[in-house]
Trainee: 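Please find one structure pasted underneath; my questions will follow.
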There are 4 protein chains.
Amino acid sequence: MTTRAGHSRHRRPGRPREEATEQAITLAARQVLADRGVARMSMEHVAARAGVAKSTLYRRWPSKVELAVHAVAAVFDEIEVGDHGSLAADMRAGVDEAARLLRDPSTGGAYAALLAESARDPEGVGVAVRGSLSTRLHALVATSVERAIGRGEITPEMVDVDLLADVVVGSVMHRALATGVPDEAFVDGLIELLADVAYARLSRAARNAGT
Amino acid sequence: MTTRAGHSRHRRPGRPREEATEQAITLAARQVLADRGVARMSMEHVAARAGVAKSTLYRRWPSKVELAVHAVAAVFDEIEVGDHGSLAADMRAGVDEAARLLRDPSTGGAYAALLAESARDPEGVGVAVRGSLSTRLHALVATSVERAIGRGEITPEMVDVDLLADVVVGSVMHRALATGVPDEAFVDGLIELLADVAYARLSRAARNAGT
Amino acid sequence: MTTRAGHSRHRRPGRPREEATEQAITLAARQVLADRGVARMSMEHVAARAGVAKSTLYRRWPSKVELAVHAVAAVFDEIEVGDHGSLAADMRAGVDEAARLLRDPSTGGAYAALLAESARDPEGVGVAVRGSLSTRLHALVATSVERAIGRGEITPEMVDVDLLADVVVGSVMHRALATGVPDEAFVDGLIELLADVAYARLSRAARNAGT
Amino acid sequence: MTTRAGHSRHRRPGRPREEATEQAITLAARQVLADRGVARMSMEHVAARAGVAKSTLYRRWPSKVELAVHAVAAVFDEIEVGDHGSLAADMRAGVDEAARLLRDPSTGGAYAALLAESARDPEGVGVAVRGSLSTRLHALVATSVERAIGRGEITPEMVDVDLLADVVVGSVMHRALATGVPDEAFVDGLIELLADVAYARLSRAARNAGT
DNA sequence: CACTAATCGAGACGGTACGTCTTGTCTTAGA
DNA sequence: TCTAAGACAAGACGTACCGTCTCGATTAGTG
């Protein structure tokens, strides 16, 4: 639908969209999101902060939630997944990063709010959330796992990436929002838990191989 | 449960609250919650459905969110934690129950929405959510763990109940809302993961004892 | 209906009404009336200010408006109609008094508000207002006129007391509320107007007598 | 009348207001006013009757009272002040018209209620009432008086238009609301009273001229 | 002295309206 | 065609009152 320039040399008729506008809106949305949370983020506020008319927002995103998804996705895009040399180190870095992100109430709250909207409208918002947000997080986990497989630390059978992603993100999110700040002790505990799983599977694999 | 001001024989002055009203409202709130989700649950609707004036709602709960917390807590109160004979069986029953509950978009969505509100207002809603909802879930996990300790299956040092609760509830919730329905395969995977943790810790304990 | 003691020696059964209560309420009502006007005078406020339960108010007056009528009537009862020696002097004193009273927004506004309610409910409030308030004002004018007749300054045929009362009270009220403060110039002008009427009628009477 | 920002060709930005809306609201307001009086006129009702959202009402009038002022002013605007040939005839017509208008409880009551509100909020409502309603009535009286001066029936020194307006409107209003219906006898009496004033002043002027 | 009958304070209750806020759509002028 | 500005219908929010009601506690007179 959106003919995001680039490959298409055919310009659409009429006045072209202001380049700066989309970024200004996204930035404004993230700020309002941080200030007031998803529920209290209003299109009116975002438009005012971006110095843009409300209709411009609706021309680009069909609803408030979609804009919120877009704005949160922009936050998630900043996550770096460097190679830290070992599965253990990668895992710690990943969990730390997740904790850092979700500890911020504006990001954690926004993510939870969008998950909630997902539940209400699985086909509309749900698809957008899954497509834009959850797959991003999933990809981060997958990258680490694949790297570990590449290094020979584990085998593909040992890990269900989907499950692992849900466990890591879900645990951290629940800790951040429902129980308390995910402090270092919590991160350590979660890492240890995952390490124990790896240990159990590796030792079982070794035993099986030994047989 | 509420020991109204110490002496339970001293009634509060004024006309006593209608017994039936609170239940009618809670029921209506749960229905509206299921029908339309937290965001679209309106006090107006709840009042109408309960056959009660809006002011009666506000006399009992300071805001929509607090009523929603109460209504969701009522759902959580129905969870049964029976003794299934072994930690493994208890765990499976617990995870199954969590999956059953959160799979329902109205419950899962409501829970996520309330967590999101928690992030926006940690002192008000946050306290209510933690006090009413999260501690309930925590208690369920704690019960199973204590039973396992009683049976001698594990020792207290082997498990951080707080962490375990976040892992179970968080993973299931994230699966339910962000990734897809938490089907039997997912539940199996999660159980296996937890079992592997137990295996690792038990074998390590055995090794230490052996030394 | 109300067996206001005195002639009836039979007391009503049950606990008698607190003597002080009625006065406390009336006073509180007048204060709230002065503070916030009739429209914003609330039974809740009056009760609180009088240190009395709302039901006590309703036990004595059937509605807010009736209580307001009672409270304003209490103000009107304080009006003194002394004999100033001549019709002119009595008239000036009367108009001055009316101006003094209605100039106070709380009294003037209350009176107007009650007249407005009269229009909405002529049989209920209207009767109360006419019975308690308007007749009081009418009586004041009548007293002055009768005194003037007694002194031989005018004859009964020369003046329609009803009309005169409406003219004096109505003019002053309208000036106070709609046009501006009824200052000395206004009072002078009104007196002069009435004096001219008297002049015209006296001179006509003299001419007729001369014929 | 409203010279929107000087240049009348420069339109205000944004979607222009629906022409029909203001009239529909005014009409609905007058109907509700007539049905239920100012106190019971509700924005909700007016909006529903006008087929308009409540926010549209509040976009144009800051509060219920301001809309009521507007609606009553619309009634007053229908008053015709024709030339009836003589001061006496004009006066009779004017008083008749005032009596006709204020005899209707919905108009009389509304006017009184707005005067009452004026007393409560002299700067807000008061200014609106004086500006919209009282000056209208004043203008009607002024027109008749000026015509009489033009005809040479009276001289400007003989009449204080402000005072006269208060006397006519105030007397009629008080009669209508506080005392009883302003019937023909009342109107006759008031006219006669005014005529006597004119007689007194004319004869005094003649005497002075004769000196 | 118990009984009856009303009062009192307190506050719950069903209603109703307030004025505010937001959503998503629309309608204009101008770029 | 896009943009800014803002009108519009819809509808929920949380607050404030109204007038009624239901309590327990009080306070007389009557049997």
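Just so we're on the same page: letters track the sequence lines, and every chain starts at 1. Heavy atoms only: backbone and side chains are in, while hydrogens, waters and symmetry mates are out.
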Trainee: Any side-chain heavy atom of B:Arg59 within less than 4.5 Å of one from B:Thr56?
Mentor: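 In short, these two side chains touch, coming nearer than 4.5 Å.
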Trainee: Below 4.5 Å, heavy atoms only, C-beta onward: do C:Arg60 and C:His70 meet side chain to side chain?
Mentor: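 Sidechains of C:His70 and C:Arg60: no contact.
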Trainee: With a 4.0 Å limit, can you tell me whether A:Arg36 has a side-chain N or O closer than that to the phosphate oxygens OP1/OP2 of E:dT22?
Mentor: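 It does, given that an N or O in the side chain of A:Arg36 lies less than 4.0 Å from OP1 or OP2 of E:dT22.
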Trainee: Reckon C:Ser63 has a side-chain N or O less than 4.0 Å from the OP1 or OP2 of F:dC18?
Mentor: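 No, outside the criterion.
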Trainee: Would you say B:Thr21 reaches E:dC13's phosphate, i.e. side-chain N/O to OP1/OP2 under 4.0 Å?
Mentor: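 Yes, because at least one side-chain N or O of B:Thr21 sits under 4.0 Å from OP1 or OP2 of E:dC13.
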Trainee: So, does the side chain of D:Ser55 form a donor-acceptor pair with the base of F:dA10 at under 3.5 Å?
Mentor: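 Between F:dA10 and D:Ser55, which were checked side chain against base, a qualifying N/O pair under 3.5 Å is present.
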Trainee: What about D:Arg15: does its side chain form a donor-acceptor pair under 3.5 Å with the base of E:dT28?
Mentor: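 Check fails, no donor-acceptor contact within cut-off.
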Trainee: Give a yes or no answer on whether the side chain of D:Lys54 reaches the backbone of D:Ala47 with a donor-acceptor pair at less than 3.5 Å.
Mentor: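 Absent.
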Trainee: Return yes if the base of F:dG14 and the side-chain atoms of B:Lys54 contain a donor-acceptor N/O pair under 3.5 Å, otherwise no.
Mentor: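 Yes.
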Trainee: Under 4.0 Å between a side-chain N/O of D:Arg12 and OP1 or OP2 of F:dG6, yes or no?
Mentor: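 Checking F:dG6 against D:Arg12, no side-chain N or O comes under 4.0 Å of OP1 or OP2.
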Trainee: Ignoring hydrogens and angles, are the base of E:dT7 and the side chain of C:Arg17 linked by a donor-acceptor pair under 3.5 Å?
Mentor: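 Looking at the base of E:dT7, it does not pair with any donor or acceptor on the side chain of C:Arg17 (distance under 3.5 Å).
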Trainee: Would you mind telling me which of F:dC18, E:dG19, E:dT28 lies closest to the side-chain atoms of D:Tyr58?
Mentor: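 Ranking F:dC18, E:dG19, E:dT28 by closest atom to the D:Tyr58 side chain puts E:dG19 first.
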Trainee: How close do A:Ser42 and A:Val32 get, counting heavy atoms only, and between which atoms?
Mentor: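 So the two residues come closest at N-CG1, 4.4 Å.
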Trainee: Would you say a side-chain N or O of C:Thr56 is under 4.0 Å from OP1 or OP2 of E:dG9?
Mentor: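 Yes, within the criterion.
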Trainee: Which part of the nucleic acid, if any, lies within reach of D:Arg60 when heavy atoms closer than 4.0 Å are counted: base, sugar-phosphate only, or nothing?
Mentor: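 Touches sugar-phosphate only.
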